[in-house]
Amino acid sequence: MSKTLTNRNEDYSQWYNDIVLKSGLADYSAVRGCMVIKPHGYALWENMRDVLDKMFKDTGHQNAYFPLFIPKSFLSKEAAHVEGFAKECAVVTHYRLKNDPNGGGVIVDPDAKLEEELIVRPTSETIIWSTYKNWVQSYRDLPLLINQWANVVRWEMRTRLFLRTAEFLWQEGHTAHATKQEAVEETERMLEVYATFAEEYMAMPIIRGVKTANERFAGAEDTYCIEALMQDGKALQAGTSHFLGQNFAKAFDVKFSDKENKLDYVWATSWGVSTRLVGALVMAHSDDEGLVLPPRLAPLQVVIIPIYNKDEEVRKRIHDKLSGLTKELKAKGIRVKFDDDDNNRPGWKFAEYELKGMPVRVALGARDLENNVAEVARRDTKEKMQISLDGLVGSIEKLLEDIQTNMYQRALKFRDEHISKVDSWDEFVKVLEEKGGFISAHWDGSSETEEKIKQMTKATIRCIPLNNVQEEGKCILTGNPSKERVLFAVAY
RNA sequence: CGGGAUAUAGCUCAGCUUGGUAGAGCACCUGCUUUGGGAGCAGGGUGUCGUAGGUUCAAAUCCUACUAUCCCGACCA
C-alpha cells in the first residue's frame, strides 16, 4: 500500500504531483525546473505527437528543424516579442570548459567567450523568419507551411510537472502567406485542428476563443486559443494559434513579388501545443485511484491478467486462452498487454494498472473458465462485468469506444455545469470563491479593467469565445457599456 | 525574486531538544508457501545523514554560508 495518492479533495496540487510521480509519467531531475519524462509519460506524448503530426500533414504542412540556439541580436528585432520573452531566456556565453588550475574540477574557460551570445530558444519565430527571408522571393514560394517538433526553454520562476517546466517539448508551426486573409484562415484552421484533437482524442471539451490584448502572444496581432477546464475549477490554456500579421516579416525583411510584380511583406502565423497537454489530460479525467486515460491516447488500451491457482492443468488452459485473446486483440490493432508476470499477484496488478490509467482490464481465472466468461473492468467508471468469452474481442472493441465517449461526455457535463453567467460584482466574487470554473460576464473592453479584476480576484479573461453572442450589457466592474460577455477564470 | 518549510537507506520518515561509532516501515535479494483487490513466514544487503566551513576530545545532532526541492506570492504555455 505504498502507492496511495493524496485525496483529490484534500489537496488538489499534491494529488496532481502524487499521480504524476507514482503513475510513472515523470520524475524530478537533477536540474532545477526540469523534469524527466518517464516511459509511460513519453509513450502518452508520442501518441499525442503521432496523431497531431498526421493532422498537420493532412492540412498540408511539412516538418523541418531549426537550431536550438538563437543569436541574441535576432531576439531584439521585434519589439513586443523581446519584451515578452527577455525575462526568461537562458543565455550561452562560452563554448569551452577547462580543468580548474586550482583543482576544483572543470571551470568555464574565460578565454572562450562568444563574440555574440546565443539564446536557447524560448520559441523559434526569430530564427525561422531570418531563414524564411532566404526562402521567399515570389508569390510562387507561398504559402510556406512548416512545423517543427522541438524542445524549448523558458526560465520559469515556479515550475510544475508538465504544466510549467523550464524545458518542455512542443511543436511550433510557422507559416507564411501572400494575403492577410489566407493567414487568418490558417490561424483558424490550426485552432480547429487543436480543438478536434482535444475533443476527439483527449476526450477533453474546450472552448475556442480569442485572447484579449493583455493575454496575447508577444508579437501577435491576434491570439486564438482553446481553453479547457480542470477538475479543480481552474482553466488551462491547451493550445494557441497566432495571427502574426506582418510583424515578423517586417522585422526580418521577408518580402515577395506578387503577380503584378509589386513587393509586399508576407503574412504570418504560428501555432503550438506542448507537453503541457499531458498535464491537462491528467487533470481533466483522473481520480483518487490514479490516471484515467482515454483509449485513443492510452499507451496500452487493454491489460490481461491471469488468475492462476495450484492446478498446473488449469494454469495452462488459462494461459493458452489469454495468449489467444492477446493475439486476436493485437490483430484488431488494439494496444494490449498480457501481464503473465508471476512476481506480482493479481490484486497488486489491479491496483497498479488502475494507477497507470489502463482503460480496460480483463481478468480470467479457473472460475471464469468454467462459466465461459472473463471479468472485464473499465477504468472510467470502475464497473466490472462478466462478459462471454465468445465474441469477447468485439465486446472489448466496443467498450473502448464507449469509454472514449463516456469520458468526453462526463468532462463536458462538468464543464457546462461550471460556466456561470454572472451580472454583478458581488456574484462574480462569490462564484469565483465558492464554485470556480468559467464565469461568463460583461467587460468594458479595457486592459485597465481586466488588470484590476486580475489584481482583485486572480481571475483573468481566458478568452472571448468565437461566434460569441452579441448582447448589450454593463461591465461587471465599472458598469461601462459592453457588447458581449467574455469568459473569466482563475488559470494555470 | 520575496515569505514559509524541508534535506538521514531506492521511497516515506524517526533520531537532533540534552553531541558519544546510524534506526523503522515499505521497497530490494534468497528460499518456501501462495495467487479472485496492493500476500505470509524465515533469512539477507543497503548510508559521503544535501554541500562546504566552523565549534568540540568527539557533530546527523550546535553555529555559519551555500545548494536543491516543495508550498504560498509576483511572472508565464
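Chain naming here is simple, since letters A, B, ... match the order of the sequence lines and numbering starts at 1 in each. The figures here come from the full heavy-atom set of this structure, side chains too, leaving out hydrogens, waters and symmetry mates.
- Taking atom C1' in both B:C16 and B:A22, one finds a spacing of 13 Å when rounded to whole Å.
- Nucleic acid contact for A:T240: none, since no nucleic acid atom lies under 4.0 Å from a heavy atom of the residue.
- Counting atom types as modelled, A:N309 pairs no side-chain N or O with a base atom of B:G36 as donor and acceptor under 3.5 Å.
- The distance from atom CD1 of A:I226 to atom CZ of A:R462, rounded to the nearest 0.5 Å, is 12.5 Å.
- When each of B:U69, B:G36, B:U35 is scored by its nearest atom to the side-chain atoms of A:R315, the top-ranked nucleotide is B:U35.
- A 3.5 Å limit on both hydrogen-bonding distances identifies B:C72 as the Watson-Crick or G-U partner of B:G2.
- There is no side-chain donor-acceptor pair under 3.5 Å between A:K234 and A:Y12.
- Summarising the geometry, atom CZ belonging to A:R154 is positioned 4.0 Å from atom CZ belonging to A:F168; distances are rounded to the nearest 0.5 Å.
- Relative to the side chain of A:E352, the nucleotides B:C76, B:G38, B:U35 differ in distance, and B:G38 lies closest.
- Of the C1' atoms belonging to B:C76 and B:U6, the separation is 26 Å, rounded to the nearest Å.
- Look at A:N17 and you won't find any side-chain N or O under 4.0 angstrom from OP1 or OP2 of B:U69.
- Across every strand in view, B:A9 sits unpaired, with no contact that passes the Watson-Crick or G-U test at under 3.5 angstrom.
- Note on A:K310: a side-chain N or O is less than 4.0 Å away from OP1 or OP2 of B:U34.
- Checking the phosphate oxygens (OP1, OP2) of B:A39, a side-chain nitrogen or oxygen of A:R345 falls inside 4.0 Å.
- Geometrically, A:R361 engages A:F350 in a cation-pi contact defined by less than 6.0 Å to the ring centre and at most 45° from the axis.
- Across the protein-nucleic acid pair, A:E312 atom CD and B:U35 atom C1' stand 12 Å apart, rounded to whole Å.
- Distance check on atom C1': B:U12 versus B:A7 gives 14 Å, rounded to whole Å.
- Considering A:F248, A:F85, A:Y224 in turn, A:F85 is the only one that fulfils the ring-ring contact (aromatic ring centres under 6.0 Å, His included) rule with A:F217.
- If you check the side chains of A:T269 and A:T175, you find a donor sitting under 3.5 Å from an acceptor.
- A sub-4.0 Å separation between OP1 or OP2 of B:G73 and a side-chain N or O of A:K458 is present.
- Comparing the P positions of B:A27 and B:G54 gives an interatomic distance of 43 Å, to the nearest angstrom.
- Computed from coordinates, the A:E215 CD to B:C75 C1' distance equals 12 Å when rounded to whole Å.
- A:A366 comes within 4.0 angstrom of a base, heavy atoms only.
- In this structure, CG of A:D27 is placed 13 Å from P of B:U69, rounded to the nearest angstrom.
- In this structure, A:D342 places its CG atom 14 Å from C1' of B:C32, rounding to the nearest Å.
- Mapped onto RNA chain B by nearest heavy atom, A:Y492 and A:S13 fall at different nucleotides, with A:S13 at the one closer to the 5' end.
- OP1 or OP2 of B:C76 has not a single side-chain nitrogen or oxygen of A:R160 nearer than 4.0 Å.
- The nearest whole Å value for the distance from the CD atom in A:E451 to the C1' atom in B:A74 is 11 Å.
- The side chain of A:W348 lies closest to B:G38 when the candidates are B:C75, B:U35, B:G38.
- When the P atom is used for both B:C41 and B:C62, the distance is 38 Å, rounded to whole Å.
- Separating the C1' atom of B:G31 from that of B:C70 is a span of 42 Å, rounded to the nearest Å.
- Note: OH (A:Y28) to P (B:U67) measures 21 Å, nearest angstrom.
- Rounded to an integer number of Å, the gap from CZ of A:R216 to C1' of B:C75 is 19 Å.
- With a 3.5 Å ceiling on both atom-pair distances, B:U46 lacks any Watson-Crick or G-U wobble partner.
- Taking atom CZ of A:F162 as the reference point, atom C1' of B:C76 lies 19 Å away to the nearest angstrom.
- Both distances falling under 3.5 Å, in either a Watson-Crick or a G-U wobble arrangement, place B:A65 opposite B:U51.
- Considering only side-chain N and O atoms, A:Y308 lies nowhere under 4.0 angstrom from the phosphate OP1 or OP2 of B:U34.
- Within the shown strands, B:G40 is the pairing partner of B:C32 under the Watson-Crick or G-U definition, both distances less than 3.5 Å.
- In this view, A:D339 and A:K349 satisfy the salt bridge (charged side-chain N to carboxylate O under 4.0 Å, His left out) rule, not counting sequence neighbours.
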